[in-house]
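First the structure, in the form of structure tokens, and then the observations on it.
In the text below, chain A, chain B and the rest are named by the order of the sequence lines, each starting its count at 1. What you see is a predicted model, and the numbers here were worked out from it, not measured in a lab. These values consider heavy atoms only, across backbone and side chains, with no hydrogens, waters or symmetry-generated copies.
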Number of protein chains: 2
Amino acid sequence: MTDSPQSPLWRSPVTSSDRLLLEMQRTIVEGEIASGSKISEPELARKFNVSRAPLREAMARLERCHLIERIPNAGARVVKLSTEGLRALYQIREELEGLACRLAAENMDEQEIEQLRGLLDQHLNTQRVREGESYYQEAGDLDFHYRIIIGSKNPYLINMLCDELYFLVRMYRVQLGMNGPRVSRAFDEHKAIINAIANRDGELADLLMRRHIAASRGNIELKLQQLGK
Amino acid sequence: MTDSPQSPLWRSPVTSSDRLLLEMQRTIVEGEIASGSKISEPELARKFNVSRAPLREAMARLERCHLIERIPNAGARVVKLSTEGLRALYQIREELEGLACRLAAENMDEQEIEQLRGLLDQHLNTQRVREGESYYQEAGDLDFHYRIIIGSKNPYLINMLCDELYFLVRMYRVQLGMNGPRVSRAFDEHKAIINAIANRDGELADLLMRRHIAASRGNIELKLQQLGK
DNA sequence: ACAAAACTTATTGTCGACAATTTATTTTTT
DNA sequence: AAAAAATAAATTGTCGACAATAAGTTTTGT
């Protein structure tokens with residue numbers, strides 16, 4: 001129980017179903033397989049040049065991170081994005097990442113905190129160089145959140161957020177094109193959170209992270225409503 | 001995304017791996033397969049009279065609810081119970097069930113609340129009849145928590161708590177023999193929580209549930225330390 | 001006698017084929 | 001012609017066998 005080396009995110013993908021999982025996660029998050037479309041096992045098995053055994057194993061893990069939904073004897077579909085789904089997802093995220101911040105303020109060592117600061121500076125630079133490029137912003141933001149979650153040192157929390165929920169979070173952000181004007185504001189919020197953690201003020205870090213995520217949710221929810229649905 | 005009919009807890013177990021999952025969950029939680037022992041696929045396949053395909057599917061889902069841990073090409077082991085694990089588990093539980101209470105206060109309809117009250121009365125009776133029988137207390141307590149979680153109406157929350165975390169919770173309680181003197185106190189706490197939900201006071205319900213779970217954790221942690229480890 | 005390497009054994013991961021179930025199409029009935 | 005029943009096609013779930021990897025044992029060398 002000391003650490004959680006189960007998902008292919010934390011170890012190199014040794015087996016064939018590991019590689020499949022990573023590839024399919026990317027494919028679904030990026031929207032290359034349309035949201036809501038049915039998944040044909042024989043078709044995908046041909047496409048990826050594997051048998052159905054590792055494919056089904058990968059699909060079981062895709063279900064685990066809420067990217068597909070399976071019905072026995074009927075098949076699997078890619079999840080549909082919706083405002084209610086986003087709400088439900090971010091309710092959990094607020095709660096769990098708030099907790100992660102509180103625990104990170106207790107459990108992160110000085111070196112980890114310093115690395116976190118470094119990460120923020122680094123992202124500030126790439127952000128200046130590449131104005132408007134949403135990809136870097138996206139990746140940077142995720143790095144930040146991941147490190148804090150890992151800093152909580154709670155294996156279950158790490159597993160739930162990084163291995164399960166975050167793929168859906170990314171899917172919402174990618175498919176709604178998160179290149180908005182929230183860049184610099186998010187940066188300031190990140191900075192404030194780091195300071196709270198460095199001061200070992202878990203309560204404040206918790207509060208700031210909740211607000212940060214709530215703001216992010218509002219942003220995405222707006223986009224979702226603009227797009228008609 | 002409206003509801004979550006995926007796990008065999010929410011639909012009747014149609015497939016062979018469904019039945020296997022339910023049986024193995026019970027087996028592990030009750031301790032019939034020793035904590036920490038290795039799981040042999042050929043052996044279990046013979047024991048349950050199935051091929052390895054559905055067995056492996058069931059094992060993938062056992063891993064999801066943290067009852068076993070798998071290492072690629074090396075095999076799977078039943079999880080070991082530990083004080084650190086219990087801590088980590090209950091940290092999450094406090095947070096998520098607190099949230100569940102808050103949401104339940106918003107989203108449960110009058111009928112559900114009434115049923116919840118009925119459940120509590122019913123458990124009071126069986127408890128009086130069968131003094132000291134820990135099984136009924138256990139089942140009753142779980143029923144209570146499950147209903148509130150479902151009352152939150154948040155599919156992700158329901159899935160995470162009922163389908164993933166709660167098996168481990170039960171495993172800790174069962175294997176440490178939770179027949180303690182906390183019976184009547186837990187009953188009063190449950191009553192207070194229901195009242196808060198009925199009054200639509202989500203904040204209070206949240207607080208009371210956190211305390212309730214913290215008390216429960218303290219109880220189990222004590223037992224764990226008594227047993228030497 | 002101990003350490004390292006080669007070999008043997010056992011377990012896991014993957015494959016192709018078959019059985020069971022669902023979905024789509026055609027046929028029958030009113 | 002529309003609805004229902006029967007049939008056909010396709011997809012999912014399961015099986016037994018093989019290949020790849022890891023663990024256990026014996027052999028070899030210093």
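- Atom pair A/Ile71:CD1 and C/dT22:P shows a separation of 12 Å (rounding to whole Å applied).
- The phosphate of C/dT14 has OP1 or OP2 within less than 4.0 Å of a side-chain N or O from A/Ser16.
- Checking the phosphate oxygens (OP1, OP2) of C/dG16, no side-chain nitrogen or oxygen of A/Arg46 falls inside 4.0 Å.
- With A/Tyr90 contributing its side chain and A/Val169 its backbone, the two residues share no donor-acceptor pair below 3.5 Å.
- Under the 4.5 Å side-chain criterion, counting only non-hydrogen atoms from C-beta, B/Met209 is in contact with B/His145.
- Distances shown here put every side-chain N or O of B/Arg56 at or beyond 4.0 Å from the OP1 or OP2 atom of C/dT11.
- In this structure, CG of A/Asn73 is placed 19 Å from P of D/dA10, rounded to the nearest angstrom.
- Distance, B/Leu21 CG to D/dT14 C1': 17 Å, rounded to whole Å.
- With distances taken from any side-chain atom of B/Ser17 to the nucleotides D/dG13, C/dC15, D/dT14, the minimum falls on D/dT14.
- Of the candidates D/dC15, C/dC15, C/dG13, C/dC15 carries the atom nearest the A/Val50 side chain, counting heavy atoms from C-beta on.
- Contact annotation: B/Thr15 reaches the phosphate of D/dT14 (side-chain N/O to OP1 or OP2, under 4.0 Å).
- Distance alone, capped at 3.5 Å, places no donor-acceptor pair between the A/Arg77 side chain and the A/Glu69 backbone.
- In this structure, B/Tyr146 has its ring center under 6.0 Å from that of B/Tyr166.
- Regarding B/Arg19, its CZ atom lies at a distance of 12 Å from the C1' atom of D/dT14, rounded to whole Å.
- Atom CG in A/Asp18 sits about 9 Å away from atom P in C/dG13, given to the nearest Å.
- Between D/dA23 and B/Lys38, no contact under 4.0 Å exists linking OP1 or OP2 to a side-chain N or O.
- Which of C/dT21, C/dG13, D/dC15 sits closest to the side chain of B/Pro54 comes down to D/dC15.
- Atom-to-atom, CD of A/Glu41 to C1' of C/dT22 comes out at 13 Å; the value is rounded to the nearest Å.
- Comparing A/Ala53 and B/Ala76 along DNA chain C, the residue whose closest nucleotide (by nearest heavy atom) sits nearer the 5' end is B/Ala76.
- In this structure, A/Phe48 atom CZ and C/dC15 atom P are separated by 14 Å, rounded to whole Å.
- For the pairing with B/Arg210, the side chain to side chain donor-acceptor pair (under 3.5 Å) check across B/Glu97, B/Glu95, B/Glu94 returns one residue only, B/Glu95.
- Closest to the side chain of B/Arg52, from the set C/dC15, D/dT12, D/dA17, is D/dA17.
- A/Ile39 comes within contact range of the sugar-phosphate backbone alone, with a heavy-atom separation under 4.0 Å but no base atom that close.
- Protein atom CZ of B/Arg77 is 11 Å distant from nucleotide atom P of C/dT12, rounded to whole Å.
- At the phosphate of C/dT14, neither OP1 nor OP2 sits under 4.0 Å from any side-chain N or O atom of A/Ser51.
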